[in-house]
**Student:** 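Sharing a structure with you now.
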Amino acid sequence: MSSPCDPQHAPVGDVGAALLVIDSQLRSVHSGKTGRDPEQQKLIDQFTASLGPKGAHDLLDGACTLIYMFMTWLRKAHEEHGKDVIEYVVPSLVASMRMMPKSVRPEAIPTMAGLVIAAGTGLSPNLWRKQYGDWTEKEMTPLEATAFLLAEHINRITEDPDFATRMISEALSRSVDED
Amino acid sequence: MLTPERFQARLDEAYGAMGGHTDPKGNLIDECHMRWTGVYVILYTGDEPTHLGIFGYSGD
């Protein structure tokens, strides 16, 4: 039986755009702000508003690809120490989400945990979620928060505030070179 | 290792037990009835994980 969540069949989406959004959040947090800089928020809003339906889907798929890549890195890092990534990452992720009720409504948390567990298991988060129907508007901010929290988790582990962004940027550069 | 077929059999047993079953902790479906708890089940085909199920309750 082949998996309906085989990552080989998952759309990659616009990873660069998704990374732009997440990196913007990371920079805001590291500069000590509670939210994005108003100017930066305006630029992000303009950017997302300029996306057509396909662009929006690509951004969404790109965010899922980020979650998959972050979890793949975290799984390998935990396996090197004989640890289970789901056991060590998911509970703290859920705890963080519970402290962000404005961005992540409680009802979105099981789905976000599912995305992360799927990715940590080597399954495609996009395709896992797709089995349950179309994405809803209310899931967009929690999805962004999930990718952000995973990036932040990686940056904290590596003690490098740019590690997660750099890892994806380098992977993107490599894929462009290969094309 | 839990395959989709074995999981379906367990689930059928659990649903069947709900009819006259009295022990609330006695079947798979009753594993997560508390808020903010959940379980995930990974199903394997051969050695490869192929399906993921999440069961649980958020705090809403």
Side-chain angles (χ1 to χ4, degrees), chain A residues 1-10 64 67-68 71-72 75 79 84-87 89-132 136 138-139 142 146, chain B:
Chain A
M1 182 187 290
S2 65
S3 172
C5 308
D6 187 339
Q8 287 187 347
H9 302 131
C64 286
I67 289 171
Y68 181 78
M71 280 305 285
T72 300
R75 177 168 53 83
E79 280 174 355
D84 175 13
V85 65
I86 294 172
E87 180 186 350
V89 171
V90 175
S92 64
L93 186 80
V94 169
S96 298
M97 287 180 178
R98 288 182 64 181
M99 290 188 284
M100 305 165 68
K102 285 186 182 171
S103 300
V104 187
R105 298 286 306 149
E107 59 267 29
I109 293 178
T111 304
M112 297 305 124
L115 294 174
V116 171
I117 294 169
T121 311
L123 300 173
S124 158
N126 330 26
L127 297 181
W128 177 80
R129 174 60 187 81
K130 206 176 172 184
Q131 297 176 109
Y132 303 101
T136 64
K138 286 181 177 176
E139 289 173 299
T146 303
Chain B
M1 201 169 278
L2 200 55
T3 64
E5 293 75 21
R6 282 179 61 193
F7 178 69
Q8 187 61 52
R10 290 280 173 86
L11 207 57
D12 290 344
E13 280 171 26
Y15 276 119
M18 285 175 82
H21 195 70
T22 52
D23 180 1
K25 294 187 178 74
N27 68 52
L28 181 67
I29 295 164
D30 285 322
E31 282 292 336
C32 46
H33 270 181
M34 287 171 60
R35 293 170 73 202
W36 292 113
T37 63
V39 295
Y40 67 94
V41 179
I42 300 170
L43 304 182
Y44 287 78
T45 302
D47 291 333
E48 294 295 318
T50 52
H51 298 72
L52 169 68
I54 307 281
F55 307 86
Y57 285 84
S58 62
D60 56 314

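Everything quoted here is computed from the prediction, not taken from an experiment. Per chain, numbering begins at 1; letters A, B, ... match sequence-line order.
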**Student:** Using a cut-off of under 4.5 Å for heavy-atom pairs, which of A/Thr111, A/Val90, A/Ile86, A/Asp6 has the most such pairs with chain B?
**Tutor:**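 Option with the greatest count: A/Ile86.
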**Student:** Determine whether more than 12 heavy atoms belonging to other residues, nucleotides or ligands lie under 6.0 Å from atom CD of A/Glu87.
**Tutor:** yes
**Student:** Let's test your reading of the structure: which of B/Ile54, B/Leu52, B/Leu43 forms the most heavy-atom pairs below 4.5 Å with chain A?
**Tutor:** B/Leu52
**Student:** Using atom types as modelled and distance alone, determine if a side-chain donor or acceptor of A/Ser3 lies under 3.5 Å from a backbone N or O of B/Thr50.
**Tutor:** yes
**Student:** Measure distances from A/Leu123 to the heavy atoms of chain B and classify the residue's part below 4.5 Å as side chain, backbone, both or neither.
**Tutor:**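 Contact with chain B involves the side chain of A/Leu123 alone.
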**Student:** Could you tell me which residues satisfy side chain to side chain contact (heavy atoms under 4.5 Å, CB included) with B/Pro49, sequence neighbours excluded, listed by chain and number?
**Tutor:**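 Testing B/Pro49 for side chain to side chain contact (heavy atoms under 4.5 Å, CB included), a comparison that skips the adjacent residues, returns A/Thr121, B/Ile42, B/Tyr44.
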**Student:** Applying salt bridge (Lys or Arg N to Asp or Glu O under 4.0 Å), can you list everything that pairs with A/Glu79, at least two apart in sequence or on another chain?
**Tutor:** A/Arg75
